[in-house]
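Every chain is numbered from 1, with letters handed out A, B, ... down the list of sequences.
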Protein chains: 2
Amino acid sequence: MTYLNHYNEEDKVLVAVDCIIFGFDEEGLKILFVKRGFEPEKGKWSLMGGFLKREENLAEAATRVLFSLTGLQDIYMEQLYSYSEIDRDPVTRTISVSYFALINKNKYDLKLNIKNEAQWFKFSEAPLPIFDHQQMIEKALIRLRRKALSTPLGFELLPEKFTMRQLKRLYESILNQKLDKRNFINKFNSLDILVKLEEKDKTSSKKGAFLYKFDEKKYQLKKEEGFNFKL
Amino acid sequence: MTYLNHYNEEDKVLVAVDCIIFGFDEEGLKILFVKRGFEPEKGKWSLMGGFLKREENLAEAATRVLFSLTGLQDIYMEQLYSYSEIDRDPVTRTISVSYFALINKNKYDLKLNIKNEAQWFKFSEAPLPIFDHQQMIEKALIRLRRKALSTPLGFELLPEKFTMRQLKRLYESILNQKLDKRNFINKFNSLDILVKLEEKDKTSSKKGAFLYKFDEKKYQLKKEEGFNFKL
DNA sequence: TCAAAAGTGTTCACCGTACACCCATGG
DNA sequence: CCATGGGTGTACGGTGAACACTTTTGA
């Protein structure tokens, strides 16, 4: 600590992380909120957040926060943006770094249900969360859309086996627009990351729709190389 | 300060901003470094940085830092990413938020030269800066490339009047690849944001090349709507 | 038998890409 | 008169977009 003359103790601030967590099910795109357990704004809906500790970096903090509130682990997270308005948290100066995560609702819902402070909302019907969380969510949605058009997406959000209808609905709910069935399927198939299974899912039609899964290796490769999807 | 029970004083940290500043001239893409004036790493090259103060947000801090070190004002800046490795700054725990800026070298070089701790480097020949600044720069370059392909770019980096050759060189040095003259010009013209002037610039050829400027209104509109440039 | 979703190809317009020659001028 | 960079157009292939009918089967 020899050099602290240029490092002014007075200007230290609290740093938080807030996680925007997206999920998907039959109803469409969902977002996970928690009921805030302490004042101020106790009882209101909020993104999952927590403070950065001295012994961890931001990514670790985001992972810890997610785990401690939901029990979820090994979730892909990505840093988004830092929010620093002086009064964004009324209690004390706090900077917050937002992270976003995609989770497979089907796979993790059991774990989640244990904690009833957490609740999924249909994205379009979610209540207004506290502080500047709505801003964070809007930026996250933009990022999610960009990702959907430049990288394969679905493995993180869909059940292991899914129908083309589900995949298309996922994209539709992210992009918030109707897509042409044939064009969507043709394009997605041309990525060569899907494996068509023998099985059919008959829950949504008499005829039954073939199930698909992702070829994980090819999926990861495509993810790295990226593409330019026009839909 | 009634609610500080959940807000632990102990975990406060210093927050810094670091600015990645790009410029452009005949030699190509440039980056601005400063010679660090205090220990540790005194005398080494560094991004322009400084600490966030209690009375400002991050964007204000970035603007202030840029101004105090270079005298430059009204520069477009954009937040990039936050760096939080525990030992990234050897003196004390510091989180740094990177910002990037594009500046018009021609317009501002006079002001800049006053401060001789600041120096432009050809991007490809820049020395290795301190701490994790190289990482920051790499991320900034990726962002700059993405911007170049999805938004018009040049107004911030070129002199008011410029030739097609200069514009093409700008793109070539950002994307680090040769571009086809005709295709580039055709595509850029199709954006309908350039105004062809009567004047010619004769410094680089006998025949002389027509000068252009940006139609500021159309430029800003295109900037908002964005596009998808393939080059 | 009929309702509801699954599945499947083609055509057209547009855009990206590759490519080569003449022009104007100062030295 | 010639060397240097400036300026211009076309042809081809690939991709995005629009579009409709037949199949299956449980109720």
**Message:** ring pair (Phe, Tyr, Trp, His ring centres under 6.0 Å) for A/Y171 and A/F188? Distances and angles first, verdict last.
**Reply:** CA-CA 11 Å; A/Y171 270 79; A/F188 219 99; 5.7 Å; yes
**Item:** Pair B/S96, B/D18: side-chain N/O donor-acceptor within cut-off below 3.5 Å
**Value:** yes
Integer-rounded Å distance: [N] [atom2] and [X] [atom1]:
X	N	atom1	atom2	result
A/E199	C/dA6	CD	P	16 Å
B/F162	D/dG6	CZ	P	15 Å
B/N186	D/dT8	CG	P	9 Å
A/N183	C/dG7	CG	C1'	14 Å
A/F184	D/dC19	CZ	C1'	18 Å
A/K187	C/dT8	NZ	P	18 Å

**Item:** Positions of residues 200-207 of chain B (non-hydrogen atom under 4.0 Å from DNA chain C), listed by number
**Value:** B/K202, B/K206, B/K207
**Request:** Mind listing the residues from residues 164-182 of chain B sitting with a heavy atom below 4.0 Å of DNA chain C? Number order is fine.
**Result:** B/D180, B/R182
**Message:** Once you measure the plane-to-plane angle for B/F214 and B/F162, does it fall in the parallel (<30°), tilted (30-60°) or perpendicular (>60°) bin?
**Reply:** tilted
**Request:** Kindly state whether the ring of B/F121 and the ring of B/F123 have centres lying under 6.0 angstrom apart.
**Result:**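 Ring centroids of B/F121 and B/F123 are no less than 6.0 Å from each other.
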**Asked** Are A/Y212 and A/F210 close enough that their ring centers fall under 6.0 Å?
**Response** no
**Request:** For B/F229, look at atom CZ and say whether over 12 heavy atoms of other residues, nucleotides or ligands are found less than 6.0 Å away.
**Result:** yes
**Prompt:** How would you list, by chain and number, every residue that makes a side chain to side chain donor-acceptor pair (under 3.5 Å) with A/R36, sequence neighbours excluded?
**Reply:** B/Y7
**Message:** So which atom in B/A62 and which in B/C19 form the shortest heavy-atom distance, rounded to 0.1 Å?
**Reply:** O-SG, 4.0 Å
**Item:** Proximity to DNA chain D (any heavy atom under 4.0 Å), residues of residues 223-231 of chain A only
**Value:** A/K230
**salt bridge (Lys or Arg N to Asp or Glu O under 4.0 Å) partners of residues 57-76 of chain A, not counting sequence neighbours, each pair once** = A/E56-A/R64
**Prompt:** Which side chain to side chain donor-acceptor pair (under 3.5 Å) pairs, counting each pair once, include a residue from residues 144-159 of chain B, with sequence neighbours left out?
**Reply:**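 Listed by first then second residue: B/E78-B/K147, B/E156-B/Y219, B/E156-B/K223.
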**Asked** Do A/K44 and A/E41 meet the salt-bridge criterion of a basic N to acidic O distance under 4.0 Å?
**Response** yes
**Request:** Kindly point out which of D/dT8, C/dA6, D/dG9 is positioned nearest to the side chain of B/I185?
**Result:**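 Nearest nucleotide to the side chain: D/dT8.
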